[in-house]
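What you are looking at is a predicted structure, and each value in this text was computed from that prediction instead of being measured.
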Amino acid sequence: MTFVNYRMLVVSVDLEDLIDAGDVAQILGLASRRTVSVYQQRYPDMPRPVIERSAGHTKLWLRSEIEAWAAGRRVGRD
């Protein structure tokens with residue numbers, strides 16, 4: 001029998017700060033929520049979802065991270 005020591009990372013998140021791809025697209029000035037996945041591939045420094053259920057399903061980002069990232073670069077021009 002093998003035992004694995006897992007550490008639980010506990011992060012406090014304000015639920016009001018969670019946003020979906022539609023909100024991310026709006027903040028970044030993108031035409032569609034589908035463009036968010038293109039941005040994730042194009043910009044490796046773009047914040048990643050803090051919640052991702054599985055491929056093609058629910059993804060949630062932190063508004064504060066997306067807004068800070070957007071403020072630091074020119075987005076929404078693609």
Quick one: pull up [atom1] in [X] and [atom2] in [Y] and give me the separation to the nearest 0.5 Å.
| X | Y | atom1 | atom2 | value |
| --- | --- | --- | --- | --- |
| D20 | K59 | CG | NZ | 12.0 Å |
| W61 | W69 | CH2 | CH2 | 11.5 Å |
| R63 | L18 | CZ | CG | 10.0 Å |
| I19 | Q26 | CD1 | CD | 9.0 Å |

Distance-only donor-acceptor pairs under 3.5 Å for side chains of residues 29-36, two or more places apart:
{"residue": "S32", "atom": "OG", "partner": "R34", "partner atom": "N", "Å": "3.0"}
{"residue": "T35", "atom": "OG1", "partner": "S32", "partner atom": "O", "Å": "3.3"}

Hydrophobic cluster membership, L62 vs I51, 4.5 Å side-chain cutoff
yes

Mind checking whether Y43 and L28 sit in one hydrophobic cluster, side chains of I, L, V, M, F, W, Y counted as touching below 4.5 Å?
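Linked within one cluster.
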
Answer yes or no: is there a side-chain heavy-atom contact under 4.5 Å between V24 and M46?
yes

Restricting to non-hydrogen atoms, name the atom on E52 and the atom on P49 that form the minimum distance, rounded to 0.1 Å.
OE1-CG, 4.0 Å

Closest heavy-atom contact between R48 and Q40?
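The answer is NH2-O, 2.9 Å.
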
Residues in salt bridge (charged side-chain N to carboxylate O under 4.0 Å, His left out) with D17, at least two apart?
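Salt bridge (charged side-chain N to carboxylate O under 4.0 Å, His left out) check on D17 returns nothing, list empty.
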
Begin with the C-alpha distance, continue with both residues' side-chain angles, and end with the deciding distance and a verdict on side-chain contact (heavy atoms from CB on, under 4.5 Å) for L60 and R53.
CA-CA 9 Å; L60 298 174; R53 296 278 299 174; over 6 Å; no

